[in-house]
Amino acid sequence: MADVPDIRIGTAEREQALTALTEHFAAGRLTVSEFDERSGIITAATTRSELAPVFKDLPDPVPSPAATSASVPARKFDPDWSGRIMAVIPILALILFFVTGTWLWFLAIPLAGALLFGTDKERKKKRRDDRNS
């Protein structure tokens, strides 16, 4: 931020400054009132020279280990589709009941439960392991 002090800053620079200030606050270097005052200065700042006094008495933020690691493991998104499907089945059965006039659609609810959850060996094993530990 010390390249050209009178250059105008944008939202990205203000957000970076607020993030750095939040890290200092989380580390216990600032009180709540100091944090509020300094964050107000940051949000009102229009040039880099207005941001410099906010961090004058604070050390340079230490990068977190997660930010410096070269390889970040990808998060595995594994939605529980069986639970979502089971939530829709009673609504679908009710709609089909009113459309067709037959109550047999309600038999789909326990049938879907048996098909979706009856043979789920991993879930049973996990539950068994949780009980034993």
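Throughout, residue positions are numbered sequentially from 1 according to the sequence presented.
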| remark: One should read off an interatomic distance between R48 CZ and I7 CD1, to the nearest 0.5 angstrom, of 5.0 Å
| message | Please report the interatomic distance CZ(R8) to OG(S49), rounded to the nearest 0.5 Å. | response | 11.0 Å
| message | My understanding is that only residues two or more places apart in sequence, or in another chain, count here; which of them pass salt bridge (Lys or Arg N to Asp or Glu O under 4.0 Å) with D130? | response | none
| request: Calculate, to the nearest 0.5 Å, the distance between atoms CZ and CD1 belonging to R14 and I42 respectively. | output: 10.5 Å
| So, T100 and T102: side-chain donor and acceptor under 3.5 Å apart, yes or no? | no
| message | Could you see if F106 belongs to whatever hydrophobic cluster contains V99? Use Ile, Leu, Val, Met, Phe, Trp, Tyr and a side-chain cutoff under 4.5 Å. | response | no
| field | Shortest non-hydrogen contact from A112 toward I89 | value | CB-CG1, 3.9 Å
| request: Find the distance between CG (L104) and CZ (F97) and round it off to the nearest 0.5 Å. | output: 10.5 Å
| request: Please check if F98 and W103 belong to a single hydrophobic cluster, counting links between Ile, Leu, Val, Met, Phe, Trp and Tyr side chain heavy atoms closer than 4.5 Å. | output: yes
| message | Please enumerate all residues that pass side-chain contact (heavy atoms from CB on, under 4.5 Å) together with T19, with sequence neighbours excluded. | response | E23
| query | If two hydrophobic side chains count as joined below 4.5 Å and joins carry through other members, does V32 share a cluster with L30? | reply | yes
| task | Would you confirm whether E13, through its side chain, and G10, through its main-chain N or O, come within 3.5 Å as a donor-acceptor pair? | result | yes
| remark: R38 meets the salt bridge (Lys or Arg N to Asp or Glu O under 4.0 Å) criterion, sequence neighbours left out, with D57
| query | Less than 4.5 Å apart, any side-chain heavy atom of W105 and any of L94? | reply | no
| If you round to the nearest 0.5 Å, how far is OG1 of T46 from CG of L51? | 9.0 Å
| request: Would you give the length of the straight line joining atom CG of L18 to atom CZ of F35, rounded to the nearest 0.5 angstrom? | output: 7.0 Å
